[in-house]
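The first residue of the sequence shown is numbered 1, and numbering continues consecutively from there.
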Amino acid sequence: MTKVSVLIAVYNTEKYLHECLDSLLHQTLEEWEAICVDDASTDGSWAILQDYAAKDGRFKVVKLKENHGQAFARNKALALSQGEYISFLDSDDWLAHDALEKVVSCFEANLMTDCVLFQLRYFSDNDGRHTEWDYPQPHFGVMSGKEAFRLSLNWSIHGVYVVKAELHRRYPYDDSSRWYSDDNTTRLHYFASREVRECQGVYYYRQHSSSVSHAVDVHRFDYLEANASMRKMLLAMHSPKDVLDEYEICRWKVVVGMYMFYYKYRHELASKDRKTGLEKIKQAWKSIDPNTVRKHFGTKYGYCPLRFSWKLFRLQEEIYFSLRKLIGRL
């Protein structure tokens, strides 16, 4: 019986793919399957996947004709999964040899638990320098799903975990936005869980300075669309008002944060991309509940929604971030 299905979306990671797949071959738990979906790679990733599948039947490989993004590829893998528990593994990351065994042990010892977090360890080898550090998360024994959801709003707890298959199938990956919407899936899984725990299995998360979250790129503004999608899902789940209000505050912080990104880097963006970014900020600004924001922030400068005037809101942000720049806080 397959205990854990590991979903691996692959796109042009031939440099790291062997290390990722070898970490599965070395697992102390043998009852796993890896469903690897090549998202139309243009390097040698597909050949590597075929080689592993030929050597070990626990690797199932699929190749997409067109590139669709990580969430879409993971959903393809999810549809083929047969495991009792579902994990993802990015194709440039890897697992400690006993990671899956520790996850399964935690689930089997705690039948009410629906999500189990790994210990997340960052890894960087930029410029030939090897460094590792742990995600700054306080250790916890168990928490409710609602508490985990709230802590995930500002990522006080991380989103690298394993989930029971029936819960994951109920909430597959949100592919409404090409970037960032996988955060939504994590938060929904936490919110719908009875219990959330952590185990001692280690997930190694490779850091790249060129990743979307670090790049000066128009795709950074997709975060706003991902947030809007999450709000729609919470409404569809008939979430209580306190949860909706907390997420509205989270969305507003992202709006202000995205304006800061626009302020700092607009001269590095093409004219078309600047226009696109501003329009996405404006659409998010228009969708925010100003009463919820005012109740939380009061009249804090830089965070007043000023829904009656987009031009006035922009003026506020320009002055706010200019002052922060002047005092060296930007």
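Both L95 and V160 belong to a single network of hydrophobic side chains, linked directly or stepwise wherever heavy atoms of I, L, V, M, F, W or Y lie under 4.5 Å apart. Two different hydrophobic clusters hold L117 and M112 under the rule that ILVMFWY side chains link at heavy-atom gaps under 4.5 Å.
Although no hydrogens or angles enter the test, the distance criterion places a donor-acceptor pair under 3.5 Å between the side chain of Q316 and the main chain of C304. Side-chain atoms of E318 do not come within 3.5 Å of backbone N or O of F313 as any donor-acceptor pair. When atom types are taken as modelled, the side chain of R329 and the backbone of R324 share no donor-acceptor pair closer than 3.5 angstrom. Remark: side-chain polar atoms of S144 are paired, donor with acceptor, to backbone N or O of E147 under 3.5 angstrom. Looking at E101, its side chain never comes within 3.5 Å of a backbone N or O of L29 through a donor-acceptor pair.
No close placement of the F118 and H158 rings is indicated, their centers lying 6.0 Å or farther apart. For Y259 and Y320, the gap between ring centers reaches or exceeds 6.0 Å. Taking the six-membered ring for Trp and the full ring otherwise, the centers of W94 and F123 sit less than 6.0 Å from each other.
Using a 4.0 Å cut-off between charged nitrogen and carboxylate oxygen, K280 and D222 count as a salt-bridge pair. Ion pairing of R251 with E248 is present here, as a side-chain N (NZ or NE/NH1/NH2) and a carboxylate O approach within less than 4.0 Å.
To the nearest 0.5 angstrom, F59 atom CZ is 10.0 Å from D51 atom CG. The NZ atom of K3 sits 15.5 Å away from the OG atom of S87 when rounded to the nearest 0.5 Å. The structure places OH of Y247 at 7.0 Å from CG of L234, a figure rounded to the nearest 0.5 Å. Within the model, atoms CZ of R170 and NE2 of H189 stand 9.0 Å from one another, a figure rounded to the nearest 0.5 Å.
Judged purely by distance below 3.5 Å, without hydrogens or angles, the side chains of Y263 and S322 pair a donor atom with an acceptor atom. Side-chain polar atoms of Y205 and D90 form no donor-acceptor pair below 3.5 angstrom. For the 3.5 Å distance criterion, the side chains of Y52 and H18 qualify, holding a donor opposite an acceptor. Between the side chains of S5 and E33, at least one donor N or O sits under 3.5 Å from an acceptor N or O.
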Residues H168, F88; criterion side-chain contact (heavy atoms from CB on, under 4.5 Å); working and verdict: CA-CA 11 Å; H168 205 325; F88 70 83; over 6 Å; no
Chi angles and distances behind the side chain to side chain donor-acceptor pair (under 3.5 Å) call for N291, R294: CA-CA 5 Å; N291 294 322; R294 281 194 292 266; 2.9 Å; yes
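The side-chain tip of K300 points at the ring of Y303 from less than 6.0 angstrom away and within 45° of straight on.
Checking M233, M237, R187 one by one against Y171, the side-chain contact (heavy atoms from CB on, under 4.5 Å) holds for a single residue, M237. Remark: of the listed residues V196, L120, V116, T186, T186 is the sole one forming a side-chain contact (heavy atoms from CB on, under 4.5 Å) with Y161.
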